[in-house]
Amino acid sequence: MNFNATLIGQSITFIFFVWFCMKYVWPPIMNALESRKKLIADGLAAGDRGKHELELAAKKASESMREAKVQAADVIAQAEKRAAQIVEEAKMAAKEEGDRQLAAAQANIEQEANRARESLREQVAALAVAGAEKILRREVNAQTHADLLGQLKAEL
Amino acid sequence: MGARAAYSSKTHLLNLITMATEYASSGEYIKHHLQNLTYGQLPDGTWGFAHGAAEAKAMGFWAINVDSMFFSIGLGVLFLFLFRMAAKRVTTGVPSGLQNFVEWITEFIDTSVRGSFSFQNPLVAPLAMTIFLWVFLMNLMDLIPVDWLPFVGALVGIPHLKVVPSVDPNVTFGLALSVFALVLYYSFKIKGPGGFFAELAFQPFPKWMFPVNLLLEGVGLIAKPISLSLRLFGNMYAGEMIFILIALMFGGSWVLGLFGGMLQWAWAVFHILIITLQAFIFMTLTIVYLDMAHSEHH
């Protein structure tokens, strides 16, 4: 073992290496490790939060589902009621319309009958007058007996 | 110099290979493998590479082990380059390939630091990372078969090449003394000179026995860098020595060579554990020593 200036050279080299490592190697790697640690921790926390939120959302969803079901049942019941009502109303309206049309038809028929009767009466009257005229042509002056003829006509 | 021309001549090159591959004795082989490529002032006053241990020793303190410096700096640059590349491209998203590997090591070191160091200091974790990876890579050179790189070195004219920097005590002591300097710095900074002295002098025995305390604690303090560096050096030196001894078998009969190959494989597998463990121990003890330097009460 003979010592020489290599000792000093080694010490200087060592100091330089340590300085370089301390300045350019250790900090960037450690920073990356630290920030990755933080990233992972954040990710895990976010995952937990997400899970919690998912649970809440599921609860909320089932709640709104139940509400929706209730509402739907309500709506259906109301619709059924309304449908029955509409049918009822339509029935009523149809009946009324039928009645009205029946009445109108009846009135019409009556009118027609009246009209026919009137015209018949006139024709009968005219026939009677014509018959009477023929019979009475010789004895009865149409002019003098106009009153009587009119009266007869009205009575017929 | 005429050496340059001589190097290019074929005969000299062949001589070098012969010199590097065939040894007079196994003792010479081992010695050759444990010799650093030392650059310093030669006995004749010129500067150059030492040939042999005696010449390297004669150079005194102002010489440098070029192979240790080359491999340690190369490995450190490799580590920092890879990690810097990963750090530049780092994303908080899904990490891929290199980033994944780098993050794995960073987290491992961060956990170790958090486990042993209970104060706030931005220096400690990067320091631990540098020590762990650098020492690990330097130890890893041990797994390269002992003759490969020295043989290539001999081909290009390098007489000695010790490829495992942590087998050079200069390297381990350089690391340990730097750590020790940090320990002293933080001891003075956190506790103040008075507090640091009190820690050394007024325990574990009562205050009036402070010379005994000072002796005990002083030895304990000095033991820190010495044990830190010698533990790593000793382990790696022993491991390398066993690799060299196994490599000696390849020079014998083919049966011995086959047996040596199996032994080398087994020792290399076991050594993977040792080199990782040594790097980890060096790092952990550094963290613990720095934690002790920061804490007010012993």
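To find a chain, count down the sequence lines: A is the first, B the second, and so on, and within it residues start at 1. As a basis for the values below, the full set of heavy atoms in this structure was taken, side chains included, without hydrogen atoms, waters or symmetry mates.
Judged purely by atom type and a 3.5 angstrom limit, B:N170 uses its side chain to pair as donor or acceptor with the backbone of A:N4. In this structure a side-chain-to-backbone donor-acceptor pair under 3.5 Å is present from A:R36 to B:T91.
Interface check for chain A: of the options B:A87, B:S178, B:A63, the most heavy-atom pairs under 4.5 Å are formed by B:A63. Chain A forms more heavy-atom pairs under 4.5 Å with one residue of B:L182, B:I73, B:I109, B:N36 than with any other, namely B:I73. With respect to chain A, the highest number of heavy-atom pairs below 4.5 Å among B:L177, B:L34, B:T172, B:L123 belongs to B:L123. Per-residue counts of heavy-atom pairs under 4.5 Å with chain A were compared for B:P95, B:A53, B:A86, B:A56; the largest is that of B:P95.
Between B:F173 and A:F3, the gap from one ring centroid to the other is short of 6.0 Å.
Closest approach of A:C21 to B:F79, counting heavy atoms only: SG-CZ, 4.3 Å. Residue A:L7 comes nearest to B:G174 through the heavy atom pair CD1-N, 3.5 Å, listed as atom of the first residue, atom of the second, then distance. Minimum heavy-atom separation, B:V90 to A:P28: CG1-O, 3.9 Å. Between A:Q10 and B:S72, the shortest heavy-atom contact is NE2-OG, 2.7 Å.
With contacts defined as side-chain heavy-atom distances shorter than 4.5 Å, the pair B:T106/A:W26 qualifies. Side-chain atoms of A:V25 and B:V102, non-hydrogen and from C-beta on, never get closer than 4.5 Å to each other. Using a 4.5 Å cut-off on side-chain heavy atoms (C-beta onward), A:K23 and B:P126 make no contact. Side-chain contact between B:D110 and A:M30: present, with at least one pair of heavy atoms (C-beta onward) separated by less than 4.5 Å.
When heavy atoms are compared at a cutoff of 4.5 Å, B:V66 does not approach chain A at all. Only the side chain of A:I8 comes within less than 4.5 Å of a heavy atom in chain B; its backbone stays farther off.
Interatomic distance, B:L175 CG to A:F17 CZ, rounded to the nearest 0.5 Å: 10.5 Å. Atom CZ of A:F20 sits about 6.0 Å away from atom CZ of B:R84, to the nearest 0.5 Å. Taken to the nearest 0.5 Å, the CD atom of B:E103 stands 7.5 Å off from the CD1 atom of A:I29. Residue B:L80 holds its CG atom at 7.5 Å from CZ of A:F16, rounded to the nearest 0.5 Å.
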- [ ] Apply side chain to side chain contact (heavy atoms under 4.5 Å, CB included) to the pair A:T13 and B:M69, showing each step before the final yes or no.
- [x] CA-CA 9 Å; A:T13 312; B:M69 288 306 287; 3.7 Å; yes
Open item on the list: Under the criterion side chain to side chain contact (heavy atoms under 4.5 Å, CB included), I'd like the reasoning laid out for A:T6 against B:T38: C-alpha separation, chi angles, the key distance, then a yes or no.
Closed with: CA-CA 9 Å; A:T6 313; B:T38 312; over 6 Å; no
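In the displayed structure, B:W104 atom CH2 is contacted under 6.0 Å by at most 12 heavy atoms of other residues, nucleotides or ligands. Annotation: B:Q120, atom CD; neighbour count of heavy atoms from other residues, nucleotides and ligands within 6.0 Å does not exceed 12. Around the CZ atom of B:F70, the shell of radius 6.0 Å holds no more than 12 heavy atoms that belong to other residues, nucleotides or ligands. Within a 6.0 Å radius of CZ in B:F117, other residues, nucleotides and ligands contribute more than 12 heavy atoms. Within 6.0 Å of atom CD in A:E97, more than 12 heavy atoms from other residues, nucleotides or ligands are found, so the atom counts as buried in its surroundings.
Using bins of under 30°, 30° to 60° and over 60° for the plane-to-plane angle, the ring pair B:W134/A:F14 lands in the parallel bin.
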